[in-house]
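Just below is one structure, and these are the notes that go with it.
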Amino acid sequence: MPDDADAPKPKRVRAPRRDAKPRTIGKTGRGEPYLAWRPGRVGPDGAERAGLWFIVHKGQQRGTGCGAGKDAERQALAALDDYKVSLHVAATEAAGPRKNRLACDVLVAEVLDRYLAAKVGTVSRGDELAQRVETLLLWWGQKSLDQIDSVSCAAYVASRVGTPWKAHARAGLDRDGNPRAPDAGLVRRGHSKPAKQRVVTVGGARRELEDLRAAVNVAIGDGLTREIVKVTLPQKGEARDRWLTKAEAARILIAAWRKREVQTVHKGGRKGEEVIGRRCAQHLARFVLVALQTGSRSGPICNASFLPEVGRPWVELRMVGGRPTATFYRKALGAKEAKNKKAPTVPLPDKLAAMLWRWHHKLGQRYVIEWRGEPVKTTRRAFANLCYDLGFGDDVVRHSLRHTAVTWGMQEGIPIWELAGYVGMTVEMIERRYGHHSPKHMEEARAGLGRSRKKAA
């Protein structure tokens, strides 16, 4: 018994440290993700499972699919790096864009995306803005702000000019400007003006660069970069200066009022015969009449109502002293007036007020310009077809009616400041573009320089 008590006790065999604690690699600090090795084992179903590397972060494990071996270990470390990058990206997106970056660190795609997101719902033609931004991304999307300069802007204009733009199927072209198949069939009927391929001009490329400039200015204003970035625009083209004489305006009015639709019989014994139908352009005659006597843009005229409606301009009719009067509220109800398109409220001429009174109270029109009892959306195509039938060139467009109204006002001797307030232009614009039509334009200079002077004794 004593001998047994004095005998040395056997030492306890401890498991190797590697077996007691999982092997880890890639640790960089407390709370940071790292890799842990899970040894192979036999599952509850009796199947053997090989050892794998797992990413451990905040008490959670994410598999890497990498097993034993040096190559698999390197792949696991690469997976760990990708996971850390994803954490950084998520944190950056949650915190918002980083401020005060160098221009070379800010992509143009990010700038355009932020600009489009800020403008959605605040501009009247958001779809057109989205199209221009999409076009800009094709060229500038992979570039950074430091690559925007006069050379790159000129290269962009050169790449855009001459490319197809909104090609029409009625011109025998598809959306990309390529010839359509001969058996594609008719797309448009009943329109007299032939279509032609439309290509991007310098003015169109300039408009796109204006959007790029606005996006860059917003980014600089928000502090995305601390450097100056300048978008160089091409020179502006010559402004339209085409106006109509009294005789030309009368031709358009009479032709619009008398124009009748021509229909072709497609079935029966009269197949191919043309039938003259009802008058189809009287709404266009009313549009031309209102445009010439108010100098308004086409949008307010086409959208105008005789009754107040949210989102529409309207004409208020009253009977004062036994005669009708009319006031044109050009700005749509509930809308904000654009800085570059003034829409002042103006009284209308007496003759036009009498016509508007008849249209509303006698003919029962709810809107100033109607087609089959409904308000028209646009008169662009109808006006272009009519002018083509009358032999006018492409320089006569709907906006020519506004130029004509201002020109006639200057020829009648209306003071510049009063005419500018009536049509919604600035005095400088009237004086620069229409001042020479006034009978008093440089009259004193002409008379003074033409006087005979007495010879000195």
So, are [X] and [Y] salt-bridged, with charged N and O less than 4.0 Å apart?
| X | Y | answer |
| --- | --- | --- |
| Lys230 | Asp149 | no |
| Asp222 | Lys99 | no |
| Glu248 | Arg242 | yes |
| Glu32 | Arg30 | no |
| Glu370 | Arg366 | no |

Are there over 12 heavy-atom neighbours, none belonging to [X], within less than 6.0 Å of that residue's [atom1]?
| X | atom1 | answer |
| --- | --- | --- |
| Ile228 | CD1 | no |
| Arg62 | CZ | yes |
| Glu337 | CD | yes |
| Glu309 | CD | yes |
| Lys119 | NZ | no |

How long is the straight-line distance from [atom2] of [Y] back to [atom1] of [X], given to the nearest 0.5 Å?
| X | Y | atom1 | atom2 | value |
| --- | --- | --- | --- | --- |
| Leu224 | Asp105 | CG | CG | 11.0 Å |
| Trp140 | Ser152 | CH2 | OG | 3.5 Å |
| Thr232 | Arg206 | OG1 | CZ | 11.0 Å |
| Asp211 | Leu116 | CG | CG | 9.5 Å |
| Trp257 | Ile254 | CH2 | CD1 | 12.0 Å |
| Leu348 | Leu317 | CG | CG | 8.5 Å |

What are the two closest heavy atoms between [X] and [Y], and how far apart are they?
| X | Y | value |
| --- | --- | --- |
| Ile430 | Ala420 | CG1-CB, 3.8 Å |
| Thr294 | Val423 | O-CG1, 4.1 Å |
| Val200 | Pro164 | CG2-O, 4.4 Å |
| Leu390 | Ala255 | CD2-CB, 3.7 Å |
| Trp408 | Leu244 | NE1-O, 3.1 Å |
| Cys153 | Ile148 | SG-CG2, 4.2 Å |

Polar side-chain atom of [X] near backbone of [Y] as donor-acceptor pair, under 3.5 Å:
| X | Y | answer |
| --- | --- | --- |
| Thr426 | Met429 | yes |
| Arg330 | Pro344 | yes |
| Gln147 | Ser144 | yes |
| Ser438 | Gly435 | no |
| Lys267 | Lys271 | no |
| Tyr156 | Ala205 | no |
| Gln365 | Val368 | yes |
| Arg101 | Gly223 | no |
| His266 | Thr264 | yes |
| Asn217 | Arg213 | yes |

Let's go through Arg207 and Glu210 carefully: what are the C-alpha distance in whole Å and the side-chain angles of both, what is the deciding distance for salt bridge (Lys or Arg N to Asp or Glu O under 4.0 Å) to 0.1 Å, and is it a yes or a no?
CA-CA 5 Å; Arg207 181 66 186 89; Glu210 287 176 352; 3.7 Å; yes
Between [X] and [Y], is any pair of side-chain heavy atoms under 4.5 Å apart?
| X | Y | value |
| --- | --- | --- |
| Cys302 | Thr378 | no |
| Thr135 | Arg160 | yes |
| Tyr329 | Pro300 | no |
| Leu419 | Met410 | yes |
| Leu107 | Lys143 | no |
| Lys342 | Met425 | no |
| Phe287 | Ser298 | yes |
| Thr225 | Asn100 | no |

Take Asp350 and Arg323 through the side chain to side chain contact (heavy atoms under 4.5 Å, CB included) test and state the conclusion after the steps.
CA-CA 8 Å; Asp350 294 339; Arg323 64 182 182 87; 3.2 Å; yes
Would you give me the side-chain donor-acceptor pairs under 3.5 Å for residues 272-284, sequence neighbours excluded?
| unit_1 | atom_1 | unit_2 | atom_2 | d |
| --- | --- | --- | --- | --- |
| Glu273 | OE1 | Arg270 | NE | 3.1 |
| Glu273 | OE2 | Arg270 | NH2 | 3.2 |

Val108 and Leu145: side chain to side chain contact (heavy atoms under 4.5 Å, CB included), yes or no, with the steps?
CA-CA 6 Å; Val108 178; Leu145 290 183; 4.1 Å; yes
Lys362 NZ/CZ over Trp359 ring centroid, <6.0 Å and within 45° of normal
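Ring-cation test returns no.
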Worked verdict on Phe392 versus Leu386 for side chain to side chain contact (heavy atoms under 4.5 Å, CB included):
CA-CA 9 Å; Phe392 290 102; Leu386 181 67; over 6 Å; no
Can a donor-acceptor pair be found between the side chains of [X] and [Y] at a distance below 3.5 Å?
| X | Y | value |
| --- | --- | --- |
| Ser296 | Arg402 | no |
| Tyr434 | Gln411 | no |
| Tyr83 | His57 | yes |

Verify side chain to side chain contact (heavy atoms under 4.5 Å, CB included) between Ser159 and Trp139, making sure each step is shown before the conclusion.
CA-CA 9 Å; Ser159 68; Trp139 173 272; 3.8 Å; yes
